[in-house]
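Input: a single structure, listed below in C-alpha cells.
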Amino acid sequence: MYLEDKIMALGGLEIVSTFETLKNNNFNVDKYINKNDLRLAKEYIDFSIEYGYSLFVNDIVVNGIEKVPVGYDDGTVSVSFIYGWRKGEESIQSTRESLLDQISPQYFVFAEGNPGII
C-alpha cells in the first residue's frame with residue numbers, strides 16, 4: 001500500500017499505549033459522518049481508523065494548504081499525535097466539536113502538532 005510505504009519512509013508510527021484499548025471501541029464512524037453531513041475522503045477515513053491515536057516516531061512537518069496560526073513562517077506545520085475515532089475525549093469528533101467556533105466547518109481537525117491542533 002502506498003500510504004503505508006510513505007509512513008514507513010518517514011520513520012513509522014506507534015500507537016499511544018494509553019489509547020491502545022480504546023482504539024477499537026466500535027464507534028460508528030459512518031453514522032457520525034452522515035449525521036453531521038460531513039464530506040470526508042474515503043482515504044482520510046480509512047487512514048484515521050487505521051492510524052488514529054498514533055504518534056510519528058520521528059519529527060514530521062507537512063506543507064499546509066494555507067498558512068495556519070500554529071504553523072512555521074515557511075507554511076509548514078509539525079504533526080505529532082493523530083486523532084482517532086472513539087467515544088469521549090481526545091477523539092476526532094470531540095476535538096472538532098470543541099473547535100467549531102474557531103475553525104471553518106470546511107476544515108477537519110485530524111492531528112495535533114507542536115505547538116497546537118492542525
Side-chain angles (χ1 to χ4, degrees):
M1 172 182 228
Y2 176 76
L3 182 58
E4 290 173 348
D5 292 340
K6 287 290 189 182
I7 289 171
M8 293 312 292
L10 294 170
L13 291 167
E14 58 183 39
I15 295 176
V16 180
S17 62
T18 55
F19 290 107
E20 182 68 40
T21 58
L22 301 173
K23 183 175 167 79
N24 297 317
N25 69 343
N26 299 321
F27 181 81
N28 190 326
V29 176
D30 291 330
K31 182 177 178 181
Y32 178 82
I33 290 169
N34 290 333
K35 178 181 176 186
N36 290 280
D37 196 31
L38 300 173
R39 305 285 187 256
L40 299 174
K42 181 178 179 348
E43 293 83 6
Y44 168 74
I45 295 167
D46 293 345
F47 175 84
S48 61
I49 290 170
E50 179 71 23
Y51 298 106
Y53 300 108
S54 296
L55 293 169
F56 280 99
V57 173
N58 298 324
D59 292 334
I60 303 297
V61 294
V62 297
N63 289 318
I65 295 171
E66 61 185 59
K67 191 170 182 175
V68 295
V70 297
Y72 300 113
D73 290 338
D74 65 358
T76 59
V77 179
S78 67
V79 177
S80 57
F81 180 73
I82 299 170
Y83 291 105
W85 299 96
R86 74 175 177 103
K87 297 173 184 160
E89 297 177 19
E90 301 291 338
S91 66
I92 290 174
Q93 68 279 6
S94 69
T95 303
R96 175 185 176 269
E97 290 163 10
S98 70
L99 295 173
L100 280 175
D101 63 335
Q102 299 174 44
I103 61 173
S104 171
Q106 73 187 36
Y107 296 109
F108 203 83
V109 174
F110 73 94
E112 187 168 321
N114 299 321
I117 296 172
I118 56 174

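Excluded from the calculations below are hydrogen atoms, water molecules and symmetry mates; all remaining heavy atoms, backbone and side chain alike, are included.
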Connected via hydrophobic side-chain network under 4.5 Å: Val62 and Ile82: yes
Contacts of Lys42 that satisfy salt bridge (Lys or Arg N to Asp or Glu O under 4.0 Å) - sequence neighbours left out: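 Salt bridge (Lys or Arg N to Asp or Glu O under 4.0 Å) list for Lys42, sorted by chain: Asp46.
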Partners passing salt bridge (Lys or Arg N to Asp or Glu O under 4.0 Å) against Asp37 (at least two apart in sequence or in another chain):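 Residues passing salt bridge (Lys or Arg N to Asp or Glu O under 4.0 Å) with Asp37: Arg39.
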Taking side chain to side chain donor-acceptor pair (under 3.5 Å) as the test, write out the residues that go with [X], two or more places apart.
X: Ser98; value: none
X: Glu97; value: Tyr32
X: Asp101; value: none

Could you state the interatomic distance from [atom1] ([X]) to [atom2] ([Y]), rounded to the nearest 0.5 Å?
X: Leu13; Y: Ile7; atom1: CG; atom2: CD1; answer: 5.0 Å
X: Ile92; Y: Phe27; atom1: CD1; atom2: CZ; answer: 9.0 Å
X: Leu38; Y: Arg96; atom1: CG; atom2: CZ; answer: 4.5 Å
X: Met8; Y: Leu10; atom1: CE; atom2: CG; answer: 10.0 Å
X: Leu40; Y: Phe47; atom1: CG; atom2: CZ; answer: 13.5 Å
X: Ile60; Y: Leu55; atom1: CD1; atom2: CG; answer: 11.5 Å

Minimal non-hydrogen separation, Ile49 against Trp85, with atom names: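 Closest heavy-atom pair between Ile49 and Trp85: CG1-CD1, 3.9 Å.
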Shortest non-hydrogen contact from Ser54 toward Ile15: OG-CG1, 3.6 Å
Test item: Phe110 and Ser48 side chains (from C-beta on) under 4.5 Å apart, heavy atoms: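 No, every pair of side-chain atoms sits at 4.5 Å or beyond.
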Thr95 vs Glu112, side-chain contact (heavy atoms from CB on, under 4.5 Å): CA-CA, chis, key distance, verdict: CA-CA 10 Å; Thr95 303; Glu112 187 168 321; over 6 Å; no
Phe81/Tyr53 under side-chain contact (heavy atoms from CB on, under 4.5 Å): CA gap, chis, key distance, verdict: CA-CA 7 Å; Phe81 180 73; Tyr53 300 108; 3.6 Å; yes
Test side-chain contact (heavy atoms from CB on, under 4.5 Å) applied to Asp30 - qualifying residues, sequence neighbours left out: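 Asn28.
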